[in-house]
Amino acid sequence: MAVNTKTPEAQDPQPSSAKCGCQANEEEMLRSLDTVIDGFIDTDGALVPILQTAQNLFGYLPEKVLKHISLRLKIPYSEVTGVVSFYSFFSTVPRGKHVVRVCLGTACYVRGGKEVLEAFKKNLKINVGETTPDRMFSLEVGRCFGACGLAPVAMIDDDVHQRVKSAKIRDIISQYQHEGEDVKEAR
Amino acid sequence: MPKIFVNHKEVEVKADTTILEAAKSLGLHIPTLCYYEGKPPIGACRVCLVEVEGAKTLVAACSTPVVEGMKIHTNNKRVREARRTVVELLLSEHEGSCQYCARSHDCELKEIASHLGIEDIHYKGEKPEVKIDASTPALVRDSGKCIKCRRCVTVCREVQGVGSLFPQKRGYKTMIGPAFVLDLDQVACVQCGQCAAICPVGAIQEKNDIDKVWEALENKTKHVVVQTAPAIRAALGECFGYTPGTLVTGKMITALRRLGFHAVFDTNFAADLTIMEEGTELLMRLKKALVNKEPVALPMFTSCSPGWIKFAEYYYPDFLPNISTCKSPQQMFGAVAKTYYASKKGVNPADMVVVSIMPCTAKKFEAQRPEMNASGFQDVDYVLTTRELGFMIESAGIDFKTLEDGEMDSPLGFSTGAADIFANTGGVMEAALRTVYEIVTGKEFPASDLRLAPVEGLKGIKEASLVIKGTIPEWNFLENVEVRVAVAHGLENAAHLIDSIKAGKAHYHFIEIMTCPGGCIGGGGQPRYTDDAVRLARINAIYKEDAGKKLRKSHANPQVKTLYDEFLKKPLGEKSHHLLHTKYQERQKV
Ligand code: SF4
Ligand code: SF4
Ligand code: SF4
Ligand code: FES
């Protein structure tokens, strides 16, 4: 199973799905996906649009959904994942509620962007391209955000954080964490 | 018939052919890598480039049709230089060393490179990520050596109907492999090894068990016996330069003895035994259905091909009750060797090692199935492919061509012609009918020369029917019954056949399925390169072997009779049930 770590389910413990009702939600989403698939039965070239629909529904392409598509379309699973891994706009890793992007453009890099990234990694306990187990945060790196004068820059969702200092990162994160909990309760 | 000019010579070629096919018909070899006989060309590798006068660029011979008046150059400077560039680029991304690569004697890439006179590589390519997948009992995949020709993708998907392999990722990161570049044991691979047989390089090979066999042979406390499958004798010669279709049964036996095996036995013996069990099972099922009117799974399918078994376990679990419960001849042999033969010989089965020589990689998987231990031990210890045996003989310094003919040992070495034809598509069906017909009517199977032409040959799905007449009293419920049989080889064909049964469009009593195109003679472990011409040559050799036998019906095998008298008692009896029959399990296909 050594190589299996790359597959979505291995990184996708789905901690509170039973509690928060995501399960029912997932069933519903699969059903809407099926309606779309039904419209495509026996059509050539259906795979990519169906994958796009699935990604829109689920936010990413979980292994379970890919297998479902393979079975429904009678397309080998290897081809489904082959197509998914061919196009960069498909993702098999769930993104967190908040996407943290640390700029590693030249200006930011020179003025400590690297340290900022390390601090995010340490605080969130994830690597670039990963999502925290509670699905709150994903960590990505960006090239230039066009705010070089304010380097180093990190973006969280649509908010630009300027002149970020490693020491402040815990505070920044906790703002969003808090906000996330509110949303969860509201549901 | 269009007239074209090939290398300045005017020739007439068949209409609707490609430049590649036209050249072949003229005896001109154009190198190819991604081309796959009988499938639409994908035009990916570009080593088949040729010049067509008037065309702006060189064209791929495999995918360019000939047209009237075309002037083609298959081997001028421009063509050679272009091909050289293509191959140098492939080599620049190739992670392998011919000195210690098991494919160095039959590697197509190495041969093309040497024919092009490549002595140096002018490009520095990004070397691919090397991933070695040795997760399954049958195969080892090495992505470093893969040149991404996709032949394995084609065979796995279009010939075997499995689709375990597909290009993953993109650009120079592309890897040909299972979903998410997982290991093969994580996906629905049937272990047929057709991918290994078709791969032009050393990127997919059988898992090498030669050292384990040497170790057993050199262990003084072990009694090591060998069995050889029916298809080996028609192909092993190719490892030593004989033309395809040369029978080398006698030399093969001598070579095995020289390698040090204590007894040289025949899987064919077990094939005759299989017919006794499977034929009886078929009759029992028919009786249940027609006389007792009990619900019983029909049509019955043959069970000698382990790739087909695994395929059904993944894709047609509903049909598992239809598959004969008979073990394959390889496994029947192992179970009988470690019980009956062991006690006859006075050998402790714990000290016996059973080695199989098989045309098949799936047999490596089958031998390791946990339930294959009816003797109390793993019934078959090691399985070598025909290619591995050829290698072993050569590396032992045995000059195969000069060997005298040998004879199989007793008591598990005698076989009839019916066992020989287990090697090819249609053969198990013919063998079964030879016996079943005679059991039911007391008369010989009426087909000419005991052969049933409609089920022979390379057509993917074949069928036949015969009306039974003149039954003896015990079987007179079969009087005037039209028995319908079908034969499929290549699992994609098998799938089509089963789908038409499922859809109620076809009705049969008995169906033979062989995993590989052509049957075992075209197995994943046979000498490379196997195309239809080679398949036909091997099949002809097998029928020659059958015709040369005095006894050509399984129930006439005297050693099989003795085995029943002394040990098993009767087909489908209690001992048989325990040693010779098995169960299947549904498997998750994704
Ligand atoms: S695959 Fe062919 S070219 Fe590559 S190392 Fe092996 S023999 Fe040499
Ligand atoms: S062994 Fe057969 S099923 Fe498995 S990957 Fe190769 S061709 Fe496909
Ligand atoms: S594994 Fe072999 S057959 Fe498959 S793409 Fe690579 S080189 Fe071609
Ligand atoms: S053989 Fe023609 S492009 Fe590969």
Side-chain angles (χ1 to χ4, degrees), chain A residues 1-13 26 30 33-34 37 41-42 44-48 50-52 54-55 58 60-94 128-131, chain B residues 42 129-136 141 143 146 148 150 152-190 195 311 314-317 491-492 495-496 498-499 502 587-590:
Chain A
M1 285 291 286
V3 283
N4 211 1
T5 49
K6 283 206 196 88
T7 67
E9 243 167 41
Q11 299 181 346
D12 181 12
E26 187 181 285
L30 270 182
L33 180 63
D34 273 340
I37 292 176
I41 287 293
D42 294 330
D44 281 347
L47 183 55
V48 170
I50 286 172
L51 287 169
Q52 277 167 323
Q55 176 148 306
F58 292 84
Y60 73 110
L61 294 168
E63 194 174 298
K64 187 175 164 189
V65 172
L66 295 178
K67 288 181 171 172
H68 181 81
I69 292 173
S70 155
L71 290 172
R72 284 293 320 271
L73 291 181
K74 296 202 169 75
I75 292 178
Y77 187 46
S78 65
E79 179 174 343
V80 173
T81 67
V83 168
V84 167
S85 60
F86 186 85
Y87 296 107
S88 55
F89 51 80
F90 288 131
S91 168
T92 54
V93 186
V128 172
E130 291 180 353
T131 300
Chain B
I42 58 173
E129 188 192 334
V130 177
K131 181 178 182 305
I132 311 269
D133 169 9
S135 61
T136 62
R141 298 166 49 250
S143 69
C146 174
K148 300 172 183 104
R150 305 189 184 198
C152 57
V153 175
T154 305
V155 78
C156 186
R157 179 172 179 160
E158 291 177 34
V159 179
Q160 298 300 56
V162 174
S164 281
L165 306 172
F166 199 82
Q168 308 291 318
K169 308 188 199 168
R170 72 183 296 167
Y172 79 93
K173 285 194 172 157
T174 305
M175 275 200 186
I176 311 293
F180 290 120
V181 202
L182 286 171
D183 280 349
L184 260 190
D185 69 342
Q186 304 289 305
V187 301
C189 157
V190 305
C195 52
F311 183 77
Y314 284 122
Y315 296 97
Y316 293 98
L491 293 171
E492 174 75 3
H496 282 306
I498 303 171
D499 287 342
K502 257 183 144 167
R587 293 174 196 264
Q588 201 79 39
K589 65 174 167 251
V590 292

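Every heavy atom of this structure was used, including side-chain atoms; hydrogens, water molecules and symmetry mates were not. Note on naming: letters A, B, ... go to the chains in the order of the sequence lines (proteins, then strands), and numbering restarts at 1 for each one.
Atom CZ in B/F180 sits 5.0 Å away from atom CG in A/L66 (nearest 0.5 Å).
In this structure, the salt bridge (Lys or Arg N to Asp or Glu O under 4.0 Å) partners of A/E79, at least two apart in sequence or on a different chain, are B/R157.
B/G163 approaches A/P76 most closely through the heavy-atom pair O-CB, 3.3 Å. Closest of all the heavy-atom pairs between B/Q168 and A/S78 is NE2-O, 2.8 Å.
Heavy-atom distances place no part of B/K173 under 4.5 Å from chain A, backbone and side chain included.
Sorted by first and then second residue, the pairs that involve residues 64-87 of chain A and meet ring pair (Phe, Tyr, Trp, His ring centres under 6.0 Å), not counting sequence neighbours, are A/Y87-A/F89.
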